[in-house]
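Here is the structure we will look at, set down as structure tokens.
Reckoned from all heavy atoms, side chains included, excluding hydrogens, waters and symmetry mates. Along the sequence shown, residues carry numbers from 1. Everything numeric in this text was worked out from a predicted model, so none of it was measured.
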Amino acid sequence: MKKVNDELRAATQNALQSKPEQYVMVRNRFFGKDQANSTFEIEWARLPNVLVIDIDETVESAAKSFTLTLENKDGFFSPDYAKTKRPPGFQWRGSGESSWFKQIYPNTEIQIHWGYDGHVVKVLTGYIDDIRINAESQTISVNGRSKYKKAISNDIVPDPGKEYITNDPNLNMTDVVKAILADAGLTCKGELVKVPFTGELYRAVVKHGKRGETYDSAAREIADSIAWTLMEDQHGDIHFFQIPEYTRDEPADVIVDDFKDIINLEYEFGDVGLAGRIYVKCGEAVNAFTSAYIEQDLLAYQRRVLEFDIPWANSPSRRRLVAKSQFTQMLQRWRRISLTIPANPAIELWDNVSVREKISTSTQTYHVRGIRITFNTQGFTQNLEMFSNLGFNKPPKGPTGSDIPTIDAAVGRGYLTLRDTGLEDGDRITVWLNGNVVASYAELTPTGKPYFFNLKKGENVFVIEGVSAGKQNGLNASVVLSDAAGVQSSTVPLIFPRTNVDDATGYYKVRPHVTWVVRGIET
């Protein structure tokens, strides 16, 4: 989440959006150079007559793109506007001069700020790509990208006599990416890269940043091979960091539901682009890696294979990291949701968004992989492209030991009976056994419902998590275990206070949980 002040955070909760505001700032192209070409006497000026703003960003590219639509009555903002181009009778219609002469121009620097009720934040710093003028509607469309445009549009040209930007094999991968982007005129920040399976510093091994490549392709190839990513902030600085590894108990940054937040929602999932096996090569060395979840659960044993040849993946651990990166990207495409809500300036890429929606059955936590912000006469909206964490996340770990007294139970098929012992108002819980889901978002009733499981010999760990405290009070429930021999446990009370919940839905922002260790015995 981006840091925003309390007033702006409060204003985003106002669904009516009484005072949405935007500021598009344009830098004087001639400031400090050839001021005679402009009647601007300041370095930055606010662009008036803005009708529409669209800003797009995605985890697949560090660059943000934007489109501005301006009212352009009588061509006042046209780049080539000049009074000498007007017919003699034009003066009676107003000013014959425009201070915006040659300002709305390719590569002019732009800053975009937006917010509510007088509280705005900067969201983008970039440059104009192209301008399209419509004479009939008297509007101008201005397209552009953030500062990372420099890395995408320009080719690498190393110093004379060199073919690569970096030649030192001992450089850390972060230093390599920083050097590549610095040569493009960008500032990059990030911690040193380590190989997660060994803890060693990930060194460059080979030369990077070849003449003729784009800066982005060189940096992106490195990021995609080590499960890291590039993201640009509102000031134009690039951040290089490891792709977050989420767990199911990760608290949501934002909770949205179909009663007060969701304007539009589309939910889809499919296996296009998935592969269950990956071969990673480095010279003569090669390793094969398999995702059992993708190959067995998603592809039903279809044979889909990908191959990658990575010169710097010169150890099995590094080759494993390549496979991990590619499998992770595949799983981001497996379950997808497109969600439109009133715009929240605090949301950014990789945030956790918990969705509560009854029609699409898409109720779970997703992670933001794309954001489109739109401003027009209707106010601000935000379209979030998100992916599911299903398939590569771990269930929450309970505290050491058992929160509930340990019991013995017969191995084999048994069941838990879950009941609501308080007011029936929509209490929900989720239960895992040894990392596998037994009950997911189960809504509790006074009569109860059985949830079946298979108990193994030895230690079995149930994790019982509070999902929603319902409309009133806390979550008050009970659980009874019936084992394979038909023996029932004593009734175990489950009491989770109504703390850290979303008042409108009752869903916990930080989900409480307890651990119950059950010893499986043969009878």
Side-chain angles (χ1 to χ4, degrees), residues 1-3 59-63 146-148 150-152 156 158-159 162-210 213-247 250 280-283 285 287 289 308-329 332 348-351 367 369 392 394:
M1 295 288 287
K2 296 175 184 174
K3 292 183 179 179
V59 299
E60 295 172 352
S61 174
S146 58
K147 284 190 172 183
Y148 195 78
K150 296 178 179 179
I152 296 174
I156 292 174
D159 294 335
K162 294 183 178 181
E163 189 177 357
Y164 294 87
I165 290 178
T166 66
N167 297 285
D168 185 353
N170 293 313
L171 280 177
N172 186 266
M173 280 302 196
T174 295
D175 295 322
V176 173
V177 172
K178 286 181 178 179
I180 291 171
L181 296 183
D183 200 68
L186 298 166
T187 299
C188 180
K189 304 175 182 179
E191 299 180 353
L192 296 180
V193 178
K194 293 183 179 180
V195 182
F197 312 104
T198 65
E200 64 174 312
L201 288 174
Y202 202 132
R203 303 190 187 279
V205 181
V206 299
K207 300 174 182 179
H208 289 274
K210 186 177 181 180
E213 290 183 292
T214 65
Y215 294 98
D216 173 63
S217 64
R220 178 61 61 178
E221 185 178 20
I222 293 172
D224 286 346
S225 71
I226 60 176
W228 280 47
T229 189
L230 296 156
M231 188 168 76
E232 183 175 359
D233 66 22
Q234 66 269 39
H235 308 296
D237 292 334
I238 313 303
H239 297 265
F240 185 52
F241 59 93
Q242 186 177 3
I243 293 176
E245 295 186 4
Y246 299 106
T247 59
E250 193 86 18
V280 184
K281 300 178 181 180
C282 179
N287 289 98
F289 302 94
F308 298 90
D309 193 346
I310 308 296
W312 52 89
N314 61 349
S315 71
S317 296
R318 295 185 180 200
R319 290 190 283 276
R320 180 183 295 273
L321 193 54
V322 175
K324 175 186 175 182
S325 177
Q326 296 302 320
F327 282 137
T328 299
Q329 291 182 50
Q332 292 176 13
E348 62 182 348
L349 297 177
W350 302 107
D351 279 348
H367 310 294
R369 67 189 311 271
F392 60 95
K394 299 177 182 178

T187 meets the side-chain hydrogen bond (donor to acceptor under 3.5 Å, both in side chains) criterion, sequence neighbours left out, with none

_D224 vs Q326 side-chain heavy atoms within contact, under 4.5 Å_ = yes

Test your reading of the model: is there a side-chain donor-acceptor pair from R318 to the backbone of A313, 3.5 Å cut-off? no

Determine whether a donor-acceptor pair (N or O, by modelled atom type, separation under 3.5 Å) exists between the side chain of E232 and the backbone of D237. no

What one should report as the nearest heavy-atom pair of S146 and A62 is OG-O, 4.2 Å

ring-ring contact (aromatic ring centres under 6.0 Å, His included) filter on Y164, not counting sequence neighbours, yields none

Only one of I152, V177, D183 passes side chain to side chain contact (heavy atoms under 4.5 Å, CB included) with Y215, and that residue is D183

- Message: Are more than 12 heavy atoms, taken from residues, nucleotides or ligands other than E191, located less than 6.0 Å from that residue's CD atom?
- Response: no

Strictly distance-based, threshold 3.5 Å: is any side-chain N or O of E221 a donor or acceptor partner for the main-chain N or O of A218? no

**Q.** W228 ring center within less than 6.0 Å of F240 ring center
**A.** yes

Answer yes or no: is there a side-chain heavy-atom contact under 4.5 Å between V280 and N287?
no

Practice problem: Cation-pi check, R320 to F289: give yes when NZ or CZ is under 6.0 Å from the six-membered ring centre and within 45° of the ring axis, no otherwise. | Solution: no

The side chain to side chain contact (heavy atoms under 4.5 Å, CB included) partners of S325 (sequence neighbours excluded) come to A227, Q329

Residue set satisfying salt bridge (charged side-chain N to carboxylate O under 4.0 Å, His left out) with K162, at least two apart, ordered chain then number -> none

Within the 4.5 Å heavy-atom criterion, are L230 and H239 side-chain neighbours or not?
no

I222 side chain reached by I180 side chain, heavy atoms, under 4.5 Å | yes

**Request:** Answer yes or no: is there a side-chain heavy-atom contact under 4.5 Å between K194 and Y202?
**Result:** no

Go through W312 and H208 one step at a time and tell me if the side chain to side chain contact (heavy atoms under 4.5 Å, CB included) criterion holds. CA-CA 10 Å; W312 52 89; H208 289 274; 3.2 Å; yes

Sorted by chain and number, sequence neighbours left out, salt bridge (charged side-chain N to carboxylate O under 4.0 Å, His left out) with E60 holds for R369

Is it true that N170 and R203 share a donor-acceptor pair across their side chains at a distance under 3.5 Å? no

Interatomic distance, NZ@K150 vs CD1@I238, rounded to 0.5 Å, equals 10.0 Å

| said: Under a 3.5 Å distance rule, please check whether S61 uses its side chain to pair with a backbone N or O of A63 as donor and acceptor. | reply: yes

Taking every heavy atom of G209 against every heavy atom of P158, the minimum-distance pair comes out as O-CG, 4.3 Å

For D309 and P311, the nearest pair of non-hydrogen atoms, with its separation, is O-CD, 3.7 Å

| task | Could you check if a side-chain atom of S217 sits within less than 4.5 angstrom of a side-chain atom of R220, using non-hydrogen atoms only? | result | no

Side chain to side chain contact (heavy atoms under 4.5 Å, CB included) filter on N172, not counting sequence neighbours, yields T174, D175, L192, V193, L201

Closest heavy-atom pair, S317 versus V195, reported as atoms and distance to 0.1 Å, is CB-CG1, 3.8 Å

Is there side-chain contact between L186 and K147, with at least one heavy-atom pair below 4.5 Å?
yes

Residues E213 and K210: closest non-hydrogen pair is OE1-N, 2.8 Å

**Study point:** Check: C282 and I310 side chains under 4.5 Å, non-hydrogen atoms
**Key:** no

